[in-house]
Amino acid sequence: PIDLTFGNDLQNIVPSELVQLADPDLEDLFWHKYSNKGLLQYQREERPKEGKGPFVCCLDVSGSMSGEPERYALALFAALAKQAVKQHRQVALIVFADKASEPMVIDSADELVKVITHGRWNVGGGTVFVAPLVKAADFIEQSKQWKQADILFITDGMAYLDKPWIAQFKERKRK
């Protein structure tokens, strides 16, 4: 809701107006307001219909993710990517730790299996968020077909991002 207005749209009526129906003395008032579009109701802003678009997944494969956490993260990515490929959506994967890999585009089930069974990523052992975020943003900006892509971030931890960098990235995202 963005404001209050008057009308007779039952799904947007303010709950206090509906209370009038419970009181026999006020029920006629409710129906009078209803017929004259005079009930207090929420004015809602329409959300634009957004389809399921492309996404770039940044997947943490740092040392703390080795073993079971990495398997769970890869399974999550595989499930999401499999569904997206079935829907003819574009998917890219960037694995990261200290460094980030180049984006790997997944456009078929075979490609998905090849990517997730790769195993050795050679991206270091620590966790740094800047490199994968920058690579994902660069990749999205390079092509019209990726312009509306989301960035999905799968990690078990935290890494430091300073406030000026965050502000700069948010501005880049806004543009």
Side-chain angles (χ1 to χ4, degrees), residues 1-3 9 11-12 42-175:
I2 58 169
D3 204 353
D9 184 1
Q11 70 182 10
N12 288 318
Y42 295 112
Q43 180 182 352
R44 300 187 187 274
E45 184 175 316
E46 294 256 345
R47 287 188 179 180
K49 298 221 181 229
E50 294 180 5
K52 295 177 180 175
F55 68 90
V56 178
C57 179
C58 297
L59 186 109
D60 184 354
V61 294
S62 63
S64 64
M65 290 287 288
S66 66
E68 198 169 90
E70 186 176 323
R71 285 193 299 275
Y72 286 151
L74 281 168
L76 173 62
F77 169 72
L80 294 171
K82 180 180 174 188
Q83 186 65 31
V85 167
K86 280 184 186 177
Q87 296 170 347
H88 306 289
R89 293 166 53 205
Q90 297 168 310
V91 179
L93 174 67
I94 296 173
V95 293
F96 74 93
D98 293 326
K99 300 173 277 200
S101 71
E102 292 302 315
M104 298 169 268
V105 176
I106 313 292
D107 52 14
S108 68
D110 291 338
E111 187 68 26
L112 176 60
V113 169
K114 186 167 63 170
V115 167
I116 64 172
T117 57
H118 180 270
R120 301 264 183 228
W121 305 106
N122 197 27
V123 289
T127 306
V128 177
F129 288 170
V130 172
L133 287 169
V134 168
K135 284 212 183 209
D138 289 347
F139 181 72
I140 290 168
E141 289 173 356
Q142 288 173 0
S143 172
K144 285 184 179 181
Q145 63 190 14
W146 288 89
K147 285 287 185 211
Q148 296 299 315
D150 291 313
I151 298 174
L152 171 66
F153 217 72
I154 303 175
T155 182
D156 69 340
M158 305 249 322
Y160 179 74
L161 293 171
D162 62 21
K163 289 184 187 214
W165 189 90
I166 293 170
Q168 180 184 12
F169 191 81
K170 283 182 179 179
E171 179 61 22
R172 184 176 185 185
K173 179 183 169 200
R174 187 189 64 75
K175 287 179 181 177

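Counting from 1, the numbers follow the sequence of the chain as shown.
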Measure across [X] and [Y] and return the closest heavy-atom pair with its distance rounded to 0.1 Å.
| X | Y | value |
| --- | --- | --- |
| Cys58 | Ile151 | SG-CG2, 4.0 Å |
| Trp165 | Val134 | CZ2-CG2, 3.8 Å |
| Val115 | Met104 | CG1-SD, 4.1 Å |
| Ala97 | Gly124 | CB-O, 3.5 Å |
| Cys57 | Ile154 | SG-CD1, 3.7 Å |
| Ser64 | Pro69 | O-CG, 4.1 Å |

ask   = Who passes side chain to side chain donor-acceptor pair (under 3.5 Å) against Thr127, sequence neighbours left out?
value =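 Residues passing side chain to side chain donor-acceptor pair (under 3.5 Å) with Thr127: Ser62.
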key: Sequence-distant partners of Arg172, side chain to side chain donor-acceptor pair (under 3.5 Å), two or more places apart   = Asp138, Glu141
request  = Just grab all the ring pair (Phe, Tyr, Trp, His ring centres under 6.0 Å) pairs involving residues 136-155, residues at least two apart or on different chains.
outcome  = Phe96-Phe153, Phe129-Phe153, Phe139-Trp146
task = Kindly indicate whether the side chain of Phe77, heavy atoms from C-beta on, has any atom under 4.5 Å from the side chain of Ile106.
result =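 Yes, at least one pair of side-chain atoms sits under 4.5 Å.
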task = State, with a plain yes or no, whether a side-chain heavy atom of Phe169 is found less than 4.5 Å away from one of Val130.
result =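 No; the side chains remain at least 4.5 Å from each other.
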message = Quick test of your reading: applying salt bridge (Lys or Arg N to Asp or Glu O under 4.0 Å), list the pairs with at least one residue in residues 143-155, sequence neighbours left out, ordered by first then second residue.
response =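 Checked against salt bridge (Lys or Arg N to Asp or Glu O under 4.0 Å) - neighbours excluded - no pair reaches residues 143-155.
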query = Donor-acceptor pair, Thr155 side chain versus Asp60 backbone, under 3.5 Å?
reply = no
message = Can you tell me if Asp162 has over 12 outside heavy atoms packed within less than 6.0 Å of its CG?
response =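 Result for CG/Asp162: enclosed.
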inquiry  = Please enumerate all residues that pass salt bridge (Lys or Arg N to Asp or Glu O under 4.0 Å) together with Glu68, with sequence neighbours excluded.
reply    = none
query = If you measure from CD on Gln90 to CD on Gln148, what distance do you get to the nearest 0.5 Å?
reply =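 These two atoms lie 12.0 Å from each other.
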Going by atom type alone, with no hydrogens or angles, which donor-acceptor pairs under 3.5 Å involve a side-chain atom of residues 79-87 and a protein atom two or more places apart or on another chain?
from, atom 1, to, atom 2, distance (Å)
Gln87, OE1, Arg89, NH1, 3.0

